[in-house]
Amino acid sequence: MAALRELISYTKLEDGKSQSFRTRAYEKAVDAIASNASRVCDMTLAELTEIDGIGDSTARKILEFSSTGEIAKVERLKDRFPPSMIELMRIPGLGPKRVLLLQDSLQVVDVEGLTRAIEKQQLRTLPGLGEKSEEKIAQAISLLGLHSDDSRMEIADAMETAHRVISELESVDGVLTIEYAGSLRRLSETIGDIDILVTADSGSLVVEAFVNLPGVTAILGSGTTKASIVMGDRVQVDLRVVPTESLGAALMYFTGSKAHNIALRTRAIERGMTLNEYSLSDVNSGDVVAAKTEADIYAKLDLPWIAPELREDTGEISAAENGTLPAPIAQEELRGDLHVHTSWSGDGRSSLHDMLDAAVELGMEFIAITDHAEDLVMNGLSEERMLGQRREIESLRPSYPTLTILHGAELNIGRDGSIDYSPTFLDGFDFGVASIHSYFELSVAEQTERLLAAIENPAVNVIGHPSGRMLGKRGGIEFDADAVFAAASSSGTALEINSHLKRLDLSAPMLRRAVETTDVLFAISTDAHHVSAYNHQRWGVAQARRGWVPSHRVVNCLQLDDFLAWVGERRN
DNA sequence: GCCGTTTTCGGCCCGACTGTTTTCAGTCG
């Protein structure tokens with residue numbers, strides 16, 4: 001992956017442009033790999049070229065990298081262009097053309113040389129550059145420290161910032177609607193910058209309020225309809241104000257992904273139309289065909305509305321066309337939550353009573369209380385305390401006639417795949433979630449064995465956050481996904497879709513692979529430790545959509561009787 | 001470099017902004 005990204009950067013220099021067809025093809029290949037759950041390093045030439053966006057040439061480069069650890073073409077280009085020139089291209093305002101120009105005319109190939117050239121005022125002598133460009137580049141270099149390396153943020157942090165900005169702008173006079181777009185709306189795991197889309201009577205009033213938000217450390221630009229700011233030390237937030245009649249087109253444009261947009265525009269051209277951020281219009285007359293809602297525009301392109309979480313150009317458009325796209329699962333379809341903690345656990349913050357009250361208020365029909373089991377020493381419950389909790393649940397049941405309460409536990413999958421408590425004690429539970437909380441570094445074979453053992457255990461109904469990843473912190477365990485999906489499919493054990501924005505576990509490519517290759521079932525769970533965390537369910541639902549999971553594969557969408565039958569079948 | 005119910009060759013998304021220019025190149029999203 002990293003090697004292919006290098007190939008992209010060097011090819012931009014070789015071609016002297018950032019959008020050559022070759023670099024675009026490479027970029028598409030990288031996207032295709034990222035959204036594929038299989039390990040490309042283990043694949044054959046034929047398997048690789050099967051993947052949409054990867055042809056013979058790229059496939060051979062991947063094979064070459066798998067066997068030799070490098071790509072000859074990249075090594076050749078490194079001789080022509082020092083790696084420091086790639087660094088230069090990261091400076092805002094410097095693209096491949098100007099970086100090549102620097103090398104040719106000033107023999108500048110790195111940041112140090114560039115700084116010296118700026119001091120000597122040499123940049124302004126170059127064709128197409130002047131005094132102002134020189135100043136801008138100088139400024140960009142001084143900011144490079146802040147924006148260097150990986151400036152993408154975790155989705156949890158981005159979401160928080162977006163909501164803060166939105167709540168601040170809501171009170172601005174004349175604001176009609178505010179939505180976040182971009183990768184945040186698509187629920188990407190990491191977010192580059194936050195895109196906020198506003199419809200309002202007056203753009204300038206909104207921009208004015210936006211650039212004066214608390215926490216703004218830099219204003220990168222501002223006009224009457226758009227502005228960019230930096231919040232804190234590195235979060236870029238872009239604002240666009242559009243007329244109400246363009247809301248649908250603008251939302252589509254700013255939601256992306258870029259690849260999805262390009263595919264739609266190509267589709268528009270095939271139909272004698274052109275699509276931009278203002279409208280879908282007839283290419284000859286210029287008449288607007290659709291603009292106000294996303295659904296209108298998709299409809300005029302002969303497509304059903306495609307959920308933002310699916311807009312990655314990984315086959316969603318042809319699936320939509322053929323009617324094979326799963327109906328996007330809706331939060332309203334969920335009838336219960338199957339991974340819930342209470343203050344009985346060391347880390348639960350709301351009482352059992354409060355968690356049940358909130359569940360009823362949200363209209364849940366069933367719930368599994370799953371506090372930590374005893375092997376999680378810090379927070380787990382001893383057998384005695386588990387029995388105490390069971391008695392409390394029994395005493396509370398009459399007060400919740402509309403809610404079926406299952407007494408469960410979040411069991412720990414040990415190093416060897418065993419779980420807490422004795423088999424007889426486990427029999428006493430109504431429900432079991434088993435999760436990995438330790439030994440993240442074992443081999444693929446060992447991790448797979450652990451998961452398979454837990455899947456086969458009759459006390460286990462759901463495997464909680466199966467990879468154990470924490471976004472931005474740890475990658476999660478590596479395991480043989482196909483073996484795990486197959487085992488869970490035949491045993492009837494569901495795989496969790498954990499709703500927490502720091503987990504979103506399983507990942508979307510894994511989910512999609514599981515859906516497409518097996519009949520495995522899923523459970524969308526909040527893993528709530530507080531009543532407020534029930535609303536994380538929306539992220540779990542969005543993650544399911546990202547993984548193309550249809551609602552009939554989700555156990556908490558089942559009718560109560562069917563759900564209880566599934567639980568019982570597993571435990572007998 | 002990729003891809004194909006218009007094509008195995010000849011196409012490949014669209015616009016804003018900026019700074020540099022007298023009509024446009026480069027960069028960005």
Side-chain angles (χ1 to χ4, degrees), chain A residues 4 7-8 11-12 14-32 48-62 71 73 88-102 123-137 139-140 147 181-183 191-197 220-228 236-242 246 249-250 252-281 283 301 313 317-318 321-322:
Chain A
L4 280 180
L7 179 63
I8 293 172
T11 307
K12 282 181 184 177
E14 187 184 24
D15 292 344
K17 46 184 148 183
S18 54
Q19 288 292 308
S20 77
F21 297 119
R22 219 153 38 125
T23 54
R24 271 164 55 179
Y26 289 146
E27 276 166 355
K28 204 166 160 57
V30 167
D31 284 346
L48 284 168
T49 50
E50 273 293 292
I51 300 173
D52 195 35
I54 297 181
D56 193 64
S57 170
T58 307
R60 285 181 193 284
K61 289 186 178 71
I62 292 169
I71 298 173
K73 179 171 174 174
L88 287 182
M89 271 202 299
R90 290 227 314 269
I91 297 172
L94 287 185
K97 284 254 162 62
R98 287 176 181 168
V99 169
L100 284 172
L101 184 66
L102 286 171
L123 252 59
R124 61 184 66 182
T125 65
L126 298 176
L129 290 161
E131 205 176 321
K132 278 201 172 164
S133 308
E134 195 176 74
E135 274 169 28
K136 273 202 145 179
I137 291 168
Q139 214 170 14
H147 299 279
S183 51
I191 309 296
D193 52 30
I194 297 170
D195 296 301
I196 304 286
L197 192 61
L220 303 175
S222 87
T224 55
T225 64
K226 83 183 249 190
S228 288
Q236 183 175 335
V237 188
D238 295 339
L239 170 80
R240 274 296 280 258
V241 187
V242 296
S246 291
M252 276 173 76
Y253 175 81
F254 290 108
T255 297
S257 66
K258 192 176 163 186
H260 180 86
N261 284 350
I262 288 173
L264 286 185
R265 286 180 195 151
T266 308
R267 194 176 172 86
I269 291 169
E270 287 163 7
R271 285 164 174 69
M273 297 179 279
T274 170
L275 177 62
N276 59 28
E277 62 260 56
Y278 301 110
S279 67
L280 176 70
S281 23
V283 74
L301 293 171
D313 193 29
I317 294 174
S318 59
E321 184 161 44
N322 303 329

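Convention: sequence-line order gives letters A, B, ...; per-chain numbering from 1. Side chains included, hydrogens not; waters and symmetry mates left out as well; all remaining heavy atoms used.
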Atom-to-atom span, [atom1] of [X] to [atom2] of [N] - whole angstrom:
| X | N | atom1 | atom2 | result |
| --- | --- | --- | --- | --- |
| A/Asp31 | B/dC2 | CG | C1' | 14 Å |
| A/Asp52 | B/dC2 | CG | P | 11 Å |
| A/Leu280 | B/dG15 | CG | C1' | 16 Å |
| A/Arg240 | B/dA16 | CZ | P | 8 Å |
| A/Lys132 | B/dT21 | NZ | C1' | 14 Å |
| A/Leu101 | B/dG19 | CG | P | 18 Å |
| A/Arg24 | B/dC3 | CZ | P | 14 Å |
| A/Ile54 | B/dG1 | CD1 | P | 14 Å |

Rounding to the closest angstrom, what is the interatomic distance between [N] and [M] at atom [atom1]?
| N | M | atom1 | answer |
| --- | --- | --- | --- |
| B/dA25 | B/dT20 | C1' | 8 Å |
| B/dG1 | B/dT5 | P | 23 Å |
| B/dC2 | B/dT8 | C1' | 12 Å |
| B/dG10 | B/dG15 | P | 27 Å |
| B/dT6 | B/dC12 | C1' | 16 Å |
| B/dG26 | B/dT21 | C1' | 13 Å |

Please identify each residue that fulfils side chain to side chain contact (heavy atoms under 4.5 Å, CB included) with A/Lys132, with sequence neighbours left out.
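Checked A/Lys132 against side chain to side chain contact (heavy atoms under 4.5 Å, CB included); zero matches.
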
To the nearest 0.5 Å, what is the distance between [atom1] ([X]) and [atom2] ([Y])?
| X | Y | atom1 | atom2 | answer |
| --- | --- | --- | --- | --- |
| A/Ile196 | A/Arg240 | CD1 | CZ | 14.0 Å |
| A/Ile317 | A/Leu264 | CD1 | CG | 4.5 Å |
| A/Leu88 | A/Leu94 | CG | CG | 6.5 Å |

Contact under 4.0 Å: A/Lys136 side-chain N or O vs B/dG19 OP1/OP2:
yes

Is any side-chain N or O of A/Ser133 closer than 4.0 Å to OP1 or OP2 of B/dT18?
no

Name the residue from A/Lys73, A/Glu14, A/Lys12 that meets the side chain to side chain contact (heavy atoms under 4.5 Å, CB included) definition with A/Leu7.
A/Lys73

Between A/Tyr253 and A/Asn276, is a side chain to side chain contact (heavy atoms under 4.5 Å, CB included) present by the stated rule, with each step listed?
CA-CA 7 Å; A/Tyr253 175 81; A/Asn276 59 28; over 6 Å; no

Contact check, side chains of [X] and [Y], non-hydrogen atoms, under 4.5 Å:
| X | Y | result |
| --- | --- | --- |
| A/Leu48 | A/Thr58 | no |
| A/Asp31 | A/Asp313 | no |
| A/Asp195 | A/Thr255 | no |

Can we say A/Arg267 and A/Glu321 salt-bridge, meaning some charged N sits less than 4.0 Å from an Asp/Glu carboxylate O?
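Result for this pair is yes, salt bridge flagged.
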
Base, sugar-phosphate, or nothing: which does [X] touch, judged by heavy atoms less than 4.0 Å apart?
| X | answer |
| --- | --- |
| A/Leu264 | nothing |
| A/Lys12 | nothing |
| A/Gly182 | nothing |

Give none if B/dG19 has no partner; otherwise give the nucleotide forming a Watson-Crick or G-U wobble pair with it, both distances under 3.5 Å.
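Paired with B/dG19, as far as the under-3.5 Å criterion goes, is B/dC24.
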
Between A/Gly130 and A/Thr58, which is nearer to the 5' end of DNA chain B once each is assigned its nearest nucleotide?
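Closest to the 5' end, via its nearest nucleotide, is A/Thr58.
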
Need to verify one output field. Residue with the more 5' nearest nucleotide on DNA chain B, A/Lys226 or A/Thr23?
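Between the two, 5'-proximity favours A/Thr23.
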
For nucleotides 24-29 of chain B, print each protein N/O atom paired with a nucleotide N/O atom at under 3.5 Å, atom names and distance only.
from, atom 1, to, atom 2, distance (Å)
B/dG26, OP2, A/Lys97, NZ, 3.3
B/dT27, OP1, A/Gly95, N, 2.5
B/dT27, OP1, A/Gly95, O, 3.0
B/dT27, OP1, A/Arg98, N, 3.1
B/dT27, OP2, A/Lys97, N, 3.4
B/dT27, O5', A/Gly95, N, 3.4
B/dC28, OP1, A/Gly93, N, 2.9
B/dG29, N2, A/Tyr253, OH, 2.6
B/dG29, N3, A/Tyr253, OH, 3.4

May A/Phe21 be described as stacking on the base of B/dC2, applying a 5.5 Å centroid limit and a 30° limit on plane angle?
no

Using a cutoff of under 3.5 Å, can you pull out all pairs of nitrogen or oxygen atoms linking the protein to nucleotides 6-8 of chain B, with atom names and distances?
none

